[in-house]
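For reference, the structure discussed in these notes is given below.
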Amino acid sequence: MEITASRDTSFLNYATFIEVAPHLQKFAFQLPVSLSQAAWDSNLSVSKRKVQRCSRHFQHRCLKEVRLGGYYGRKSDLEVAIFFLENAVALEKMIINPRDESPFLPDYAFSRQRAARSRPKQQLDRIVPEGVKLVIL
């Protein structure tokens, strides 16, 4: 599944697709990445919208590993991470990859990726449940 969006769009509706796969043990979710100057400035600036939570609560009892690619600190990124932390009751590991894997990145993108690695730790460290390993690539 490929998702395209602009600015800081919420992806919670897409994350709920895991409900149809109750025996799923690993799940990878690639968030859209744009490391252009304009996108970086607009996505990480103070947004007026609050972090949303999924209104539908369910417990996914088999999901043990979640990989979130393209995470670099937007509210939409945090929403998806919180969704899995709250609903995947068997979760053992959450892997965060803030990097864009494109081989054609402009020079300034590498410094942005370094900065993006610190955000998941700041945002998630205090809310990751005991027993869940947070891995930031």
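Quick note: residue numbers are just sequence positions, from 1.
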Q.
Please evaluate residues Phe29 and Val80 with respect to the criterion side-chain contact (heavy atoms from CB on, under 4.5 Å), reporting the C-alpha separation (whole Å), side-chain torsions for both, the decisive distance (0.1 Å), and the verdict.
A. CA-CA 9 Å; Phe29 194 91; Val80 171; 4.1 Å; yes
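- Residue Ala90 comes nearest to Arg61 through the heavy atom pair CB-O, 3.3 Å, listed as atom of the first residue, atom of the second, then distance.
- Within the 3.5 Å criterion, the main-chain N or O of Arg74 finds a donor-acceptor partner in the side chain of Asp77.
- The backbone N or O of Phe84 lies less than 3.5 Å from no partner atom in the side chain of His60, so there is not a single donor-acceptor pair.
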Side-chain atoms of residues 123-137: list all donor-acceptor pairs with protein atoms under 3.5 Å, sequence neighbours left out, distances to 0.1 Å.
from	atom 1	to	atom 2	distance (Å)
Gln123	OE1	Tyr71	OH	2.5
Gln123	NE2	Gly73	O	3.1
Asp125	OD2	Lys121	NZ	2.7
Arg126	NH1	Gln123	O	3.2

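- Using a 4.5 Å cut-off on side-chain heavy atoms (C-beta onward), Asn97 and Leu68 make no contact.
- At least one side-chain heavy atom of Phe27 sits under 4.5 Å from a side-chain heavy atom of Leu63.
- We find the NZ-CD distance between Lys26 and Glu92 to be 10.0 Å, quoted to the nearest 0.5 Å.
- Note that the CE atom of Met94 and the CD atom of Glu65 stand 10.5 Å from one another [nearest 0.5 Å].
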Q: Please test Leu85 against Leu91 for side-chain contact (heavy atoms from CB on, under 4.5 Å), starting from the C-alpha separation and ending with a verdict.
A: CA-CA 7 Å; Leu85 292 170; Leu91 192 64; 3.9 Å; yes
